[in-house]
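The model shown is predicted, which means the values in this text are computed figures rather than measured ones. All residue numbers in this chain count up from 1 along the given sequence.
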Amino acid sequence: MLQVRKSQERGYADHGWLRSFHSFSFAGYYDPAHMGFGNLRVINEDRVAAGAGFGTHGHRDMEIISYVLSGELAHKDSMGNVESIPPGDVQRMSAGRGVMHSEFNHKADQTTHFLQIWIEPNVHGIAPSYEQKSFAEAEKRGKLRLVASPDGADGSVRVHADAKLFAGLFDGDEKASLTLDPKRKSYVHLVRGELAANGTKLTAGDAALIEGESQLTLDGGKDAEVLVFDLTS
């Protein structure tokens, strides 16, 4: 079964300095039908205005991934990490028993566009930790590149969760397939462009929620960038 959730069905908030689409209930957006999918709890598509950002705030017991699409995101946390996250990098922060951090767009003339992703952990109360890795465009071109996994396989960042995350870029005749476990859930989030998931057309911001399927095929891409999640049921 594949169910499409269109981009315009997501929650939306405009705070001036921040414009954010919420795939699942978050902050002032509440929809009991969309509280998460499997152990995927949050996908926020955020656009942070030049010179603005999220002040220091706390998290605990959550796996948080930042995926920058354009601009750069400055990160600072209570573990002593001070990093800049450019497009192509995947940042993972395990909040564990508690961490404070801030995220900021220091550019004076450029909006930072990124995805904030939360995945529920399968362990609680661990020491907080941080990891950031770069994945070249060539690694994602016409294929699904593993970028996050429970064991850090293939150079992916390690998440303390029963979940995997793949990223891919597709255009023209480029095509990729992924074997699925029908007992698990899969979530396809189209970041930009156009793409077909098992023959169903998606446009930027759309998602495909998949259950009970044994294979995912992605094709028909037009300047497409996509994230695919393998999740618990």
Side-chain angles (χ1 to χ4, degrees), residues 5-31 34-36 40-96 98-120 128-135 137 147-148 157 159 165 167 189-193 203-207 223 225-227 229:
R5 184 156 190 241
K6 301 298 291 182
S7 174
Q8 61 267 28
E9 296 172 2
R10 297 178 293 174
Y12 179 69
D14 187 345
H15 301 285
W17 65 274
L18 170 69
R19 291 179 294 127
S20 183
F21 287 95
H22 306 314
S23 294
F24 305 109
S25 295
F26 186 89
Y29 166 63
Y30 176 71
D31 181 346
H34 297 284
M35 298 300 295
L40 176 60
R41 180 59 189 86
V42 168
I43 299 181
N44 289 345
E45 181 182 356
D46 292 340
R47 289 175 172 85
V48 182
F54 303 88
T56 301
H57 59 284
H59 297 280
R60 63 182 302 123
D61 288 326
M62 191 65 71
E63 298 294 297
I64 301 171
I65 294 173
S66 295
Y67 189 94
V68 176
L69 305 171
S70 63
E72 287 196 4
L73 188 67
H75 168 96
K76 183 178 182 180
D77 63 45
S78 55
M79 294 176 282
N81 298 295
V82 180
E83 302 287 348
S84 180
I85 312 169
D89 278 22
V90 175
Q91 178 226 61
R92 182 271 301 165
M93 186 175 69
S94 298
V99 67
M100 304 292 291
H101 80 132
S102 62
E103 296 164 301
F104 210 81
N105 174 15
H106 288 298
K107 299 289 186 179
D109 57 355
Q110 187 176 11
T111 297
T112 293
H113 183 196
F114 80 107
L115 297 179
Q116 178 184 174
I117 299 161
W118 294 10
I119 302 175
E120 295 173 356
S129 61
Y130 180 96
E131 188 177 12
Q132 182 174 333
K133 291 189 175 182
S134 181
F135 298 91
E137 182 174 320
V147 297
V157 299
V159 289
L165 173 59
H189 181 86
L190 187 59
V191 176
R192 59 184 171 91
T203 57
D206 290 353
D223 191 30
E225 183 167 8
V226 66
L227 296 180
F229 297 82

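Scored by the side chain to side chain donor-acceptor pair (under 3.5 Å) test, Glu225 finds Tyr67, Arg192 as partners (sequence neighbours excluded). By the side chain to side chain donor-acceptor pair (under 3.5 Å) test, Lys6 pairs with Asp206, sequence neighbours left out. Among residues two or more places apart in sequence or in another chain, the side-chain contact (heavy atoms from CB on, under 4.5 Å) test is passed with Ala207 by Tyr187, Leu209. Contacts of His106 classified as ring pair (Phe, Tyr, Trp, His ring centres under 6.0 Å), with partners at least two apart in sequence or in another chain: Phe104. Scanning for ring pair (Phe, Tyr, Trp, His ring centres under 6.0 Å) contacts around Tyr30 gives an empty result, with sequence neighbours left out. Partners of Gln110 by side-chain contact (heavy atoms from CB on, under 4.5 Å), not counting sequence neighbours, listed by chain and number: Lys107. Applying the side chain to side chain donor-acceptor pair (under 3.5 Å) criterion to His101, with sequence neighbours excluded, gives His57, His59. Shown here are the side-chain contact (heavy atoms from CB on, under 4.5 Å) partners of Ser70, two or more places apart in sequence or in another chain: His113. Shown here are the side-chain contact (heavy atoms from CB on, under 4.5 Å) partners of Pro128, two or more places apart in sequence or in another chain: Met79, Arg97, Val99. Residues forming a ring pair (Phe, Tyr, Trp, His ring centres under 6.0 Å) with Phe54 (at least two apart in sequence, or on another chain): Trp17. Looking at residues two or more places apart in sequence or on another chain, you find no side chain to side chain donor-acceptor pair (under 3.5 Å) involving Thr56. Residues meeting the ring pair (Phe, Tyr, Trp, His ring centres under 6.0 Å) test with Phe114, sequence neighbours left out: none.
At least one side-chain heavy atom of Val90 sits under 4.5 Å from a side-chain heavy atom of Ile65. Within the 4.5 Å cutoff, side-chain heavy atoms of Leu165 are placed close to those of Leu227.
At distances below 3.5 Å, at least one donor-acceptor pair connects side-chain atoms of Asp14 with backbone N or O atoms of Gly16. Using modelled atom types, no side-chain atom of Ser102 and backbone atom of Gly55 make a donor-acceptor pair closer than 3.5 Å. Between the side chain of Asn105 and the main chain of Val48, a donor-acceptor pair closer than 3.5 Å is present. Put simply, the side chain of Arg47 never gets that close to the backbone of Ser20: no donor and acceptor are under 3.5 Å apart. Ser25 contributes a side-chain N or O that, together with a main-chain N or O of His34, makes up a donor-acceptor pair within less than 3.5 Å. No donor-acceptor pair closer than 3.5 Å links the side chain of Asp223 to the backbone N or O of Gly193.
Atom OG of Ser78 sits about 12.5 Å away from atom OH of Tyr130, to the nearest 0.5 Å. For the atom pair CD (Gln91) and OG (Ser134), the distance works out to 13.5 Å, reported to the nearest 0.5 Å. One distance of note links CD of Glu131 with CD of Glu83; it measures 11.5 Å at 0.5 Å rounding. For the atom pair CG (Asp46) and CZ (Phe21), the distance works out to 10.5 Å, reported to the nearest 0.5 Å. We find the OG1-CD distance between Thr112 and Glu103 to be 10.5 Å, quoted to the nearest 0.5 Å. Residue Ile64 holds its CD1 atom at 4.0 Å from CE of Met93, rounded to the nearest 0.5 Å.
Of all the heavy atoms in Pro86 and Gln132, the pair that sits closest is CD-NE2, 4.1 Å. In terms of heavy-atom proximity, Asp61 sits nearest to Ala95 at N-CB, 3.8 Å.
No donor-acceptor contact under 3.5 angstrom links the side chains of Arg92 and Ser66, judged on distance only.
Other residues, nucleotides and ligands place no more than 12 heavy atoms under 6.0 Å from the CD atom of Glu137.
A salt bridge links Glu45 with Arg10: the distance from a Lys NZ or Arg NE/NH1/NH2 to an Asp or Glu carboxylate oxygen falls below 4.0 Å.
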### Message
Using the rule given for side chain to side chain contact (heavy atoms under 4.5 Å, CB included), can you reason through Leu115 versus His189, listing the C-alpha separation, both sets of side-chain angles and the distance that settles it, and then say yes or no?
### Response
CA-CA 11 Å; Leu115 297 179; His189 181 86; 4.1 Å; yes
### Query
Given Val191 and Leu69, is the side chain to side chain contact (heavy atoms under 4.5 Å, CB included) satisfied, shown in steps?
CA-CA 9 Å; Val191 176; Leu69 305 171; 3.3 Å; yes
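For Phe24 and Trp118, the distance between ring centers is not under 6.0 angstrom.
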